[in-house]
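I have placed the structure first, in the form of structure tokens, so that the comments after it can refer back to it.
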Amino acid sequence: MATLAASWPPLSPGERAVAIEVLVHGPLSRSEIARRLNLSAGSLTRLTKPLIESGLLIESAEDTTLAEVRQGRPSQPLDIVPASRYFLGFKITEDRVYGVVTTLRSDIVARYDRPLTTHDPARVADLLHEMTDEPARAFPRLAGIGIGVGGSVRDRSTVVDSPFLDWAEVPLAELVEKRTGLPVVVENDVAALVEAESWFGAGRGLERFAVLTIGAGLGYGLVIGGRRVASSEDGEGFGRRWIVNPFGPLTPYGERGSAISLLTIPSIRYQLQAATGRGMTYEEILGAAAEGEPMAARVVDEAAQALGTLVAQIANFAMPQKILLAGEGVGLVDVVGPAVEQAILANRHPQAAPVNLETKVSDFHDWARGAAVLAIQVLVLGSAET
């Protein structure tokens with residue numbers, strides 16, 4: 001399988017900026033790109049020439065709008081060909097691997113999932129290889145793989161620590177590259193989701209944007225100046241020390257009254273089982289709370305208070321233009337949305353602007369798409385990190 005290195009040489013910072021602008025917002029006329037990036041016509045021509053020659057950008061149908069005609073001639077907008085390359089994204093959970101194939105513009109064109117029966121790194125890499133074979137036949141221009149894991153990742157290649165998989169210092173990118181022959185990028189799953197939403201989702205075009213995820217754990221990501229703020233704490237149990245109610249429950253998943261002890265799915269299930277002796281699914285607990293069952297209602301209401309407090313704190317300190325609430329646990333808002341809103345207001349200045357909160361129920365294929373976006377960013381455009 002050919003890699004991207006032969007097709008698209010490394011991009012300079014200027015070329016990368018142009019390519020991202022077209023990838024995320026295109027097709028765009030040259031004058032619009034120059035305006036967005038504050039470039040002269042000559043500088044833009046210099047930057048776009050190698051991008052067109054390499055095939056990353058193309059000239060699409062003519063734009064004959066009045067603004068362009070007044071400058072003397074119609075302009076051919078610059079765009080990409082989304083189907084020119086395809087990317088695989090994987091999300092590894094404790095018991096299953098979810099995969100997607102996306103275009104260069106991150107549109108999902110295929111979905112896959114397989115049970116994960118072992119956490120042995122070599123066996124997991126074998127499974128990812130098997131899950132690559134079918135897409136490679138169906139999409140011969142498969143160009144790279146992105147993998148998202150719950151845990152800490154170093155150099156977008158090595159899983160330093162993943163409590164869900166019981167991994168430490170696993171060179172996952174190397175293991176999968178050897179088996180598939182494709183370049184591989186590994187990243188914390190929340191970081192990958194934040195990148196995808198910032199480029200192609202709820203945060204597109206925003207300078208300040210935050211993502212809070214609720215599920216088996218809690219995740220948080222922040223975008224400032226249009227770029228995700230990388231942190232050494234990515235994947236290190238966000239919320240374990242974020243105390244939202246010092247008198248709240250103590251569970252195996254966090255300190256007393258921490259965001260994790262109040263909000264994560266395992267913690268909510270643990271609290272109900274400890275109180276009632278019954279094992280219930282998260283959906284059953286939410287249903288029981290909606291019907292007024294006292295213990296379920298109490299636990300879910302405490303979770304609502306915690307969520308509202310956490311959202312308000314993020315808004316108070318990060319001042320994002322929007323907060324995206326995502327993950328498999330956000331069904332909580334459907335049941336106790338008013339209580340969440342009340343807690344947000346209680347923890348904000350009375351004259352503060354309303355919090356722009358968007359809720360998105362994300363399945364694990366959405367997380368896999370985030371990993372594919374990381375592959376697009378790093379393998380096609382080159383990492384922006386210095």
Side-chain angles (χ1 to χ4, degrees), residues 20-21 23-25 36 105-107 188-215 217-231 233-234 238-239 242-245 258-260 262-265 286 300-363 366-367 369-370 373-374 377 384:
I20 290 173
E21 205 65 33
L23 176 65
V24 176
H25 302 288
R36 286 170 175 259
R105 203 160 249 150
S106 87
D107 297 315
N188 168 260
D189 53 4
V190 175
L193 183 68
V194 172
E195 295 281 9
E197 291 293 338
S198 178
W199 275 35
F200 300 108
R204 189 171 72 163
L206 300 180
E207 289 289 305
R208 302 184 315 281
F209 171 61
V211 177
L212 178 65
T213 65
I214 306 174
L218 290 183
Y220 173 66
L222 181 63
V223 172
I224 298 292
R227 289 178 59 176
R228 183 180 67 87
V229 178
S231 170
E233 297 177 10
D234 285 343
F238 164 79
W242 198 325
I243 307 301
V244 291
N245 178 0
S258 71
I260 279 186
L262 285 160
L263 274 173
T264 61
I265 290 174
L286 293 182
V300 170
D301 185 64
E302 287 181 346
Q305 298 295 321
L307 178 58
T309 301
L310 193 56
V311 168
Q313 290 176 346
I314 292 170
N316 290 339
F317 291 102
M319 295 178 285
Q321 295 161 281
K322 179 189 286 186
I323 298 174
L324 175 66
L325 181 62
E328 62 273 24
V330 299
L332 174 74
V333 179
D334 294 332
V335 177
V336 286
V340 174
E341 293 176 7
Q342 204 169 42
I344 293 173
L345 292 173
N347 288 277
R348 294 275 283 164
H349 190 282
Q351 296 178 349
V355 175
N356 183 5
L357 181 65
E358 180 176 326
T359 302
K360 176 181 179 181
V361 179
S362 305
D363 67 19
D366 291 320
W367 293 83
R369 173 178 174 262
V373 170
L374 254 297
Q377 289 181 328

Can you tell me how far apart [atom1] ([X]) and [atom2] ([Y]) are? Round to the nearest 0.5 Å.
{"X": "Asn316", "Y": "His349", "atom1": "CG", "atom2": "NE2", "answer": "10.5 Å"}
{"X": "Phe209", "Y": "Ile224", "atom1": "CZ", "atom2": "CD1", "answer": "11.5 Å"}
{"X": "Gln377", "Y": "Trp199", "atom1": "CD", "atom2": "CH2", "answer": "4.0 Å"}
{"X": "Leu307", "Y": "Leu263", "atom1": "CG", "atom2": "CG", "answer": "5.5 Å"}

Ignoring hydrogens and angles, tell me if any N or O in the side chain of [X] forms a donor-acceptor pair with the backbone of [Y] under 3.5 Å.
{"X": "Arg228", "Y": "Gly221", "value": "no"}
{"X": "Thr264", "Y": "Ile260", "value": "yes"}
{"X": "Gln321", "Y": "Glu207", "value": "yes"}
{"X": "Arg369", "Y": "Ala196", "value": "no"}

Which residues satisfy the salt bridge (charged side-chain N to carboxylate O under 4.0 Å, His left out) test with [X], sequence neighbours excluded?
{"X": "Glu341", "answer": "none"}
{"X": "Arg105", "answer": "Asp79"}
{"X": "Arg36", "answer": "Glu21, Glu32"}

Specify the closest pair of heavy atoms between [X] and [Y], including all atoms of both residues, with the distance to one decimal.
{"X": "Ala304", "Y": "Ala343", "result": "O-CB, 4.3 Å"}
{"X": "Ser106", "Y": "Val373", "result": "CB-CG2, 3.7 Å"}
{"X": "Ile344", "Y": "Val311", "result": "CD1-CG1, 3.8 Å"}
{"X": "Leu310", "Y": "Ala259", "result": "CD2-CB, 4.1 Å"}
{"X": "Tyr220", "Y": "Ala318", "result": "OH-CB, 3.9 Å"}
{"X": "Ser198", "Y": "Gly226", "result": "OG-O, 4.1 Å"}

Report task. Test Ile314 against Leu222 for side-chain contact (heavy atoms from CB on, under 4.5 Å), laying out the working first. Result -> CA-CA 10 Å; Ile314 292 170; Leu222 181 63; 5.9 Å; no

Query raised in the report: Would one find more than 12 heavy atoms of other residues, nucleotides or ligands at under 6.0 Å from atom CD of Glu358?
Result: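 More than 12 within 6.0 Å, yes.
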
Query raised in the report: Between Asp189 and Thr213, is a side-chain contact (heavy atoms from CB on, under 4.5 Å) present by the stated rule, with each step listed?
Result: CA-CA 11 Å; Asp189 53 4; Thr213 65; over 6 Å; no

Measure the shortest side-chain to side-chain distance between [X] and [Y] over non-hydrogen atoms and say whether it is less than 4.5 angstrom.
{"X": "Glu302", "Y": "Asn245", "result": "no"}
{"X": "Leu206", "Y": "Val223", "result": "no"}
{"X": "Leu23", "Y": "Phe200", "result": "yes"}
{"X": "Asp334", "Y": "Leu286", "result": "no"}

Requested in this report: Please say which of Arg204, Lys322, Lys360 ends up in a side chain to side chain donor-acceptor pair (under 3.5 Å) with Glu197.
Outcome: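 Among Arg204, Lys322, Lys360, the one meeting side chain to side chain donor-acceptor pair (under 3.5 Å) with Glu197 is Lys360.
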
Requested in this report: Decide side-chain contact (heavy atoms from CB on, under 4.5 Å) for Val244 and Leu262; before the verdict, give the C-alpha distance in whole Å, the side-chain angles of both, and the deciding distance to 0.1 Å.
Outcome: CA-CA 9 Å; Val244 291; Leu262 285 160; 3.5 Å; yes

Report task. Test side-chain contact (heavy atoms from CB on, under 4.5 Å) on Val190 and Trp367 and set out the steps. Result -> CA-CA 8 Å; Val190 175; Trp367 293 83; 3.8 Å; yes

